[in-house]
Amino acid sequence: MSESKSITRIYCETDLGAGLSVPLGPGPAHKLRAVLRAKSGDEVQLFNDRDGEWRARLVDLGKTQASSECLTQLRAAKAEPGPWLAFAPLKKDRLDMVVEKAVELGVERLIPVITARTENRRLKMERLIQQTIDAAEQCERLSVPEILEPVAIEKLAAMWPEDRTLLVAAERQNVPSLAQKLETVTGSLGILIGPEGGFETRELDGLLKLPISIAIRLGPRILRAETAAIAALAVMQAQCGDWRDR
Ligand code: SAH
C-alpha cells in the first residue's frame, strides 16, 4: 500500500538545488506556523518550474520568515503544457472556484476577459495569483499557471496565438458539441467561457470571424459559468489532454 499522508508543498521562486539554503517569505512562513503547525526540523517539499521538486528541511521558522535547506530532488522540472482558459470573471466565490479548479485541471494560462456583461471588473490580481499558487501546491503540479491582467474581449483575438484553437462556449446556439469538435481539432487548445449574463451577439460574431475560433455547445442545458468552465476543461483533458497520459 502506498503512503497517503500528504507532505506540505511550497512554491518557491528562488533557486532550488542540493544543499541550498532557501528563504521562505511571510506567506509560506505564516501558513507553516499558524495553519499547518509546522516546526523547525520538519520536512517539506519545495518546487518551481525551473528546478523541479525537492525534499527540504525547515531550519528556522519565524513569524514572518522561515528558512529551509534543500536536500534531494524528488522530480526534475518539466513543462506542463495544457489548455488555456479565457473567462469572464465572476463574483468572488465563483471566481475563486474557477481559478482553483482550472489549476487542478491543468490549465497552462488563465485569461480574464472583460465582456459587456462581465460582473467583476476589478480583479485583485495578487489574490488571484496566490490562489493559483495554493492550488498548484495542493494538486502536486510542478508549475504555477500564469494569470494575465484582464483583456477586453475585442482585444482577445489580437493576443491569441494563431496555432491555438479557440473554442468559444456559445450557449443557445445551434453549434456542434465540444466532444464532437474535439474529435477533429489538433494541436493546442483554449476555451472561452462567457459571463453569467451570456455573451452579446456582436461579441460572439466578432470572435467567430477569426480563423482559429470555433463555437461549441456544452450539452443541452444552460450551465452556470463556473460549471461550464470546469466541465469543459475536464472534457478537454480527458479527450485530448493529459488525462490520456499513462
Ligand atoms: N444567461 C445566459 C447563460 C450564460 S451561461 C443565457 O441565459 O443565455 C454562462 C456562460 O457559460 C456562457 O456565456 C457560455 O460561455 C457558457 N455556457 C453555459 N452553458 C452552455 C452550453 N450549454 N453550451 C455552451 N456554453 C455554455
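For ligands, and for the atoms within them, numbers begin at 1 and follow the listed sequence.
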### Query
What do you reckon, is CG of D205 surrounded by more than 12 foreign heavy atoms closer than 6.0 Å?
yes
### Query
When you check the side-chain N and O atoms of S177 and R217, is any donor under 3.5 Å from an acceptor?
no
### Task
Using a cut-off of 6.0 Å, state whether more than 12 heavy atoms not belonging to K181 lie near its atom NZ.
no
### Query
Other than L71, what residues sit in its cluster of Ile, Leu, Val, Met, Phe, Trp and Tyr side chains whose heavy atoms are under 4.5 Å apart, directly or through others?
none
What are the distances between nitrogen or oxygen atoms of ligand 1 and protein nitrogen or oxygen atoms, counting only those under 3.5 Å?
{"unit_1": "ligand 1", "atom_1": "1 (N)", "unit_2": "E196", "atom_2": "O", "d": "2.8"}
{"unit_1": "ligand 1", "atom_1": "7 (O)", "unit_2": "R172", "atom_2": "NE", "d": "3.4"}
{"unit_1": "ligand 1", "atom_1": "7 (O)", "unit_2": "R172", "atom_2": "NH2", "d": "2.9"}
{"unit_1": "ligand 1", "atom_1": "8 (O)", "unit_2": "R172", "atom_2": "NE", "d": "2.6"}
{"unit_1": "ligand 1", "atom_1": "13 (O)", "unit_2": "E171", "atom_2": "OE1", "d": "2.9"}
{"unit_1": "ligand 1", "atom_1": "13 (O)", "unit_2": "G194", "atom_2": "N", "d": "3.4"}
{"unit_1": "ligand 1", "atom_1": "15 (O)", "unit_2": "A169", "atom_2": "O", "d": "2.6"}
{"unit_1": "ligand 1", "atom_1": "15 (O)", "unit_2": "G194", "atom_2": "N", "d": "2.9"}
{"unit_1": "ligand 1", "atom_1": "19 (N)", "unit_2": "L223", "atom_2": "N", "d": "2.9"}
{"unit_1": "ligand 1", "atom_1": "22 (N)", "unit_2": "L218", "atom_2": "O", "d": "3.3"}
{"unit_1": "ligand 1", "atom_1": "22 (N)", "unit_2": "G219", "atom_2": "O", "d": "3.2"}
{"unit_1": "ligand 1", "atom_1": "22 (N)", "unit_2": "R221", "atom_2": "O", "d": "2.7"}
{"unit_1": "ligand 1", "atom_1": "23 (N)", "unit_2": "L218", "atom_2": "N", "d": "2.8"}

### Task
With sequence neighbours excluded, tell me which residues meet salt bridge (charged side-chain N to carboxylate O under 4.0 Å, His left out) with R50.
D15
### Message
I'd like to check the ring pair (Phe, Tyr, Trp, His ring centres under 6.0 Å) partners of F199; sequence neighbours left out, ordered by chain and number.
### Response
none
